[in-house]
Amino acid sequence: MNKKTIIRTLEKIALYMELQGENPFKVGAFRKAAQTLELDPRSLSKMDDILSLKGIGKGTGSVITDLMEKGKSDLLEELEEAVPSGLLPLLKLPGLGGKKIAKLHQELGIDSPESLQAACERGDVSKLAGFGKKTEEKLLKELESFQSIPTHFPIWSIDAIVKMIEQELSNIEEISKYSVAGSYRRRKEFSSDIDFVMAVTDPEKVREKILNALPISEIVAAGDTKVSVKLDMQDPVDVDFRFVTEEQYASTLHHFTGSKEHNVKMRQLAKSLGKKISEYGVEQEDGSVKTFKTEEEFFQHFNLPFIPPTLRKDGTELDRLDEIPSVIQPEDIISDLHMHTTWSDGAHSIQEMVEANRLLGRRYMVITDHSQYLKVANGLTSSRLRKQMEEIRKLQLQYDDIRIFCGTEMDILPDGSLDFDDELLADLDFVIASIHSSFSQPQEKIMERILTAMKNPHVDMIAHPTGRIIGQRPGYEPDVPQLIQWAKEYGKILELNANPFRLDLAEEYLVMAQELDVPIAINTDAHSIEQLNVMPIGVQYGQRAWLKKENVVNTWSVNRFESFLKK
DNA sequence: GCCGTTTTCGGCCCGACTGTTTTCAGTCG
């Protein structure tokens, strides 16, 4: 049995135990064991002494050996017999946890969402100790819609809502500071809700103003320090607001940025020093609570460097502190190698894009309009591209603080050929090859197309290598490890497209590419001046893969970039 | 269930909020 299946099985066991109302620490032990396996880079066959791993003991170890040797686990089979699988989805209902579900099962024989609904309708649930009328009504309401409501939202939709909320918060004078926290701040691809942390002078007033300013469909909770609402939007996303004082703000921001695993590790560290971390500060051994002006100060208190939110992941970041200084930062970026103008489907002229890039402090840039095949995007024919090159060369004479390279985003056609001939490609400074069509071809055919581009000596970069749109379409699903291997072999750059709809390559593949020293370019693919601003989103997403500055092309000097192109 | 330079028992990160209670358990993040 492979490692992934074993990890999933351990998690499943934890889930079933939870449904039995088991001791949370015992449940946690199985989750911990699963995580231990997941974080270990070795394959199962190379892990000879499983019991020596921290977090795996007699109980979890025997489950793992059972799975390896017999391909099944007696423990899981017993649990599956004792706990109806119809209870699993009930854990998704807000307000229901293992203990309550166990009680519903034991006392009322509930074994599925349907039987729970029936019991609520009969009024049986409210008669149970610990349950009441309100709980029953709430459950009924949740049950009606809970299959159809999405529970997590792609980063680009969260991005839009965050901006809307920030706009409202900036109008409230009683808020001195605010920040989005949670998984959006960590730049995860999906978030289940949005967290905001703010320093306020008058919590009650702020609470009222927020409730008035936002389109709210439901107030989930409204306490003194916390307001939780469901927004009345196309997708009913939950938003939490936490009010604290200015002094507490840095600690609160850290706390609500997470991740959960990061926080647990930090608290364990504090505890080993006789201190206690909460969202309000750090309690010292003498009971006094120390607060911090910034998150940097907070980390410093534990002799740690600032750990960017994007690196606060599974807790292992605390073991990789010496790598942090070399991880890419938004201010390291001095170029953008992929953007469009009015020549194809962009909204601004070449000169407008140049001016905007200068304002952003870019030292060099590449104009890469679409090629002729992409008619919907007004792709350039070879003669129009030659004209554009002339215009760019002329425009360059006006600027000595930015280099403007002539490029193209050339289509790789469905039949595997390239959209321009070699003669034209040779005259360009920079050639991007992309797939924009026939996504549903079999993987072999897709890979054939990509290989053509890889083998062409004039092609410098493969853009958005999988074509995915987060939460909407998977893309053309190439064999990415193979694609990365080819990039290594043929000396090509792979793109991390910074557009929040794409973020392509994805995190796990960026890790793979970096391991092979394949250069990565983080580009905006901007179709307007405004879209040039997505760069930090891409950089921060790259941080999640621990991308090193050195491996990111856009940090290279113009000379180094040019000599790479000449190779 | 796991762990241990304060070890083989007694903790395991910490606090807010709700709904059910009449001082707190369960859930959530």
Side-chain angles (χ1 to χ4, degrees), chain A residues 10 13-14 17-18 20-36 50-64 75 90-104 125-139 142 151 181-186 191-197 203 207 218-229 238-244 248 251-252 254-283 289 312 315:
Chain A
L10 288 168
I13 289 174
M17 285 179 163
E18 201 177 346
Q20 282 194 315
E22 257 295 1
N23 172 4
F25 295 110
K26 186 171 168 182
V27 177
F30 278 85
R31 297 222 161 95
K32 176 96 187 291
Q35 208 205 9
T36 303
I50 296 248
L51 288 176
S52 67
L53 292 171
K54 220 179 143 200
I56 295 177
K58 232 173 64 194
T60 52
S62 76
V63 169
I64 296 171
L75 178 59
L90 296 184
L91 277 170
K92 288 203 192 99
L93 286 170
L96 280 194
K99 294 235 170 90
K100 286 196 163 169
I101 293 174
K103 187 154 197 174
L104 287 167
V125 171
S126 56
K127 290 185 198 125
L128 284 183
F131 292 76
K133 262 266 163 292
K134 266 193 161 168
T135 309
E136 193 172 70
E137 280 165 23
K138 211 176 136 213
L139 283 174
E142 296 288 349
T151 53
S183 52
Y184 177 80
R185 185 165 181 243
R186 303 199 311 275
S191 302
S192 55
D193 64 357
I194 306 177
D195 297 292
F196 271 95
V197 170
R207 185 174 65 194
E218 187 190 333
I219 299 174
V220 181
D224 296 332
T225 65
K226 181 179 159 181
V227 169
S228 206
V229 301
D238 287 330
V239 188
D240 290 338
F241 299 92
R242 283 301 288 244
F243 313 134
V244 291
Q248 297 166 332
S251 280
T252 312
H254 174 264
H255 175 85
F256 285 100
T257 296
S259 69
K260 196 175 169 183
E261 290 78 11
H262 170 84
N263 286 355
V264 169
K265 274 269 153 62
M266 287 298 296
R267 285 170 172 194
Q268 286 167 343
L269 171 65
K271 200 163 180 164
S272 72
L273 300 169
K275 304 179 183 196
K276 204 163 97 179
I277 298 177
S278 82
E279 56 252 62
Y280 303 118
V282 177
E283 192 180 315
V289 174
R312 302 176 200 166

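In what follows, chains carry the letters A, B, and so on, assigned in the order in which the sequence lines appear, proteins first and then strands, with residues in each chain numbered from 1. Quantities reported herein were computed from a predicted structural model and do not represent experimental measurements.
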Quiz item: Glu22(A) CD to dG1(B) P: how many Å, rounded?
Solution: 8 Å

Self-check item: Sidechain-backbone polar pair: Lys103(A) side chain, Ala129(A) backbone, donor-acceptor under 3.5 Å
Solution: yes

Practice problem: For Glu283(A) and dC14(B), give me the distance from atom CD to atom P, rounded to whole Å. | Solution: 9 Å

Practice problem: Write down the distance separating the P atoms in dC12(B) and dG19(B), rounded off to the nearest Å. | Solution: 29 Å

Quiz item: If you measure from the C1' atom in dC13(B) to the same atom in dC28(B), how many Å do you get, rounded?
Solution: 14 Å

Grab the N/O contacts between the protein and nucleotides 17-21 of chain B below 3.5 Å, and write none if there aren't any.
from, atom 1, to, atom 2, distance (Å)
dC17(B), OP1, Asp224(A), N, 3.3
dC17(B), OP1, Thr225(A), N, 3.1
dC17(B), OP1, Thr225(A), OG1, 3.2
dC17(B), OP1, Lys226(A), N, 3.1
dT18(B), OP1, Ala222(A), N, 3.1
dG19(B), O3', Thr135(A), OG1, 3.1
dT20(B), OP1, Gly132(A), N, 2.4
dT20(B), OP1, Gly132(A), O, 3.2
dT20(B), OP1, Thr135(A), N, 3.4
dT20(B), OP1, Thr135(A), OG1, 2.6

Quiz item: Taking the side chain as C-beta and beyond, is there a heavy-atom pair between Thr257(A) and Val197(A) under 4.5 Å?
Solution: no

Quiz item: What is the distance, rounded to the nearest whole Å, between atom CG of Leu104(A) and atom P of dG26(B)?
Solution: 13 Å

Self-check item: Contact nearer the 5' end of DNA chain B, comparing Val27(A) with Asp193(A)
Solution: Val27(A)

Exercise. Would you check if the side chain of Thr60(A) reaches a backbone N or O of Phe30(A) as a donor-acceptor pair within less than 3.5 Å?
Key: no

Quiz item: Nearest heavy-atom pair of Lys133(A) and Ser126(A): which atoms, and what distance?
Solution: NZ-OG, 3.6 Å

Quiz item: In the strands shown, is dT8(B) matched to any nucleotide by a Watson-Crick or G-U wobble pair with both distances under 3.5 Å, and which?
Solution: none

Practice problem: Could you tell me whether the phosphate oxygens of dG26(B), OP1 or OP2, come under 4.0 Å of any side-chain nitrogen or oxygen in Lys99(A)? | Solution: yes

Quiz item: Whole Å only: how far is the CD atom of Gln248(A) from the C1' atom of dC14(B)?
Solution: 14 Å

Exercise. Let me know the distance between NE2 of His254(A) and P of dG15(B), rounded to the nearest Å.
Key: 15 Å

Self-check item: Residue pair His262(A) / His254(A), side-chain heavy-atom distance below 4.5 Å
Solution: yes

Self-check item: For dT21(B), glycosidic torsion class - syn if within 90° of 0, otherwise anti
Solution: anti

Exercise. Provide the distance between the two P atoms, one in dC14(B) and one in dC9(B), to the nearest whole Å.
Key: 24 Å

Practice problem: Name the closest nucleotide to the Asp195(A) side chain, picking from dG1(B), dG15(B), dG29(B). | Solution: dG29(B)

Quiz item: Is Val244(A) close to Thr225(A) at the side-chain level, that is, under 4.5 Å between some pair of heavy atoms?
Solution: no

Exercise. Please name the residue in the list Lys26(A), Arg31(A), Lys99(A) that meets the side-chain hydrogen bond (donor to acceptor under 3.5 Å, both in side chains) test with Glu18(A).
Key: Arg31(A)

Quiz item: Pro24(A) near the nucleic acid: base, sugar-phosphate alone, or nothing, with a heavy-atom cut-off under 4.0 Å?
Solution: nothing

Exercise. Would you please confirm or rule out a distance under 4.0 Å between OP1 or OP2 of dA16(B) and any side-chain N or O of Tyr280(A)?
Key: yes

Quiz item: Are the side chains of Val239(A) and Phe196(A) in touch, meaning some heavy atoms are under 4.5 Å apart?
Solution: yes

Would you list the protein and nucleotides 3-7 of chain B atom pairs, both N or O, that sit under 3.5 Å from each other?
from, atom 1, to, atom 2, distance (Å)
dC3(B), OP1, Gly55(A), N, 2.4

Anything under 3.5 Å between a protein N or O and an N or O of nucleotides 9-12 of chain B, put it in a table, one pair a line.
from, atom 1, to, atom 2, distance (Å)
dC12(B), OP1, Lys271(A), NZ, 2.1

Quiz item: If we only count heavy atoms from C-beta on, is the Val229(A) to Phe241(A) side-chain gap below 4.5 Å?
Solution: yes

Quiz item: Which of these, Val63(A), Ile64(A), Leu10(A), sits in a side chain to side chain contact (heavy atoms under 4.5 Å, CB included) with Ile56(A)?
Solution: Ile64(A)

Quiz item: Tell me, do Lys265(A) and Leu269(A) make a side-chain contact under 4.5 Å, heavy atoms counted?
Solution: no

Quiz item: P atom, dT21(B) versus dG26(B): distance in rounded Å?
Solution: 13 Å

Quiz item: Between Gly281(A) and Ser251(A), which heavy-atom pair has the shortest distance, and what is it?
Solution: CA-OG, 3.3 Å

Quiz item: In terms of side-chain heavy atoms of Ala29(A), which of dC13(B), dG15(B), dC2(B) is nearest?
Solution: dC2(B)

Self-check item: Touch class at under 4.0 angstrom, heavy-atom based, for Lys276(A) against every strand present
Solution: sugar-phosphate

Quiz item: With respect to the phosphate group of dC13(B), does any side-chain polar atom (N or O) of Ser278(A) fall under 4.0 Å of OP1 or OP2?
Solution: no

Quiz item: Expressed in whole Å, how much space separates the P atoms belonging to dC3(B) and dT22(B)?
Solution: 41 Å

Quiz item: Base, sugar-phosphate, or nothing: which does Ile101(A) touch, judged by heavy atoms less than 4.0 Å apart?
Solution: nothing

Self-check item: Pairwise C1' distance, dG11(B) and dT6(B) [rounded to whole Å]
Solution: 13 Å

Self-check item: Nearest-Å distance for atom pair CZ/P, residues Arg31(A) and dG1(B)
Solution: 16 Å

Practice problem: Sticking with atom C1', work out how far dC2(B) lies from dT8(B), rounded to a whole angstrom. | Solution: 12 Å

Practice problem: Return the 5'-most residue of the pair Ile277(A), Pro94(A) with respect to DNA chain B, ranking by each residue's nearest nucleotide. | Solution: Ile277(A)

Practice problem: Return the value, rounded to whole Å, for the distance between atom NE2 of His262(A) and atom C1' of dG29(B). | Solution: 15 Å

Quiz item: Between Lys260(A) (NZ) and dC28(B) (P), how many Å, whole number?
Solution: 10 Å

Quiz item: With a 4.5 Å heavy-atom cut-off, do Lys100(A) and Phe131(A) have their side chains touching?
Solution: yes

Quiz item: Taking the C1' atom of each, how far is dT23(B) from dC17(B), in whole Å?
Solution: 16 Å

Quiz item: Would you say His255(A) and Met266(A) make side-chain contact, with heavy atoms under 4.5 Å?
Solution: no

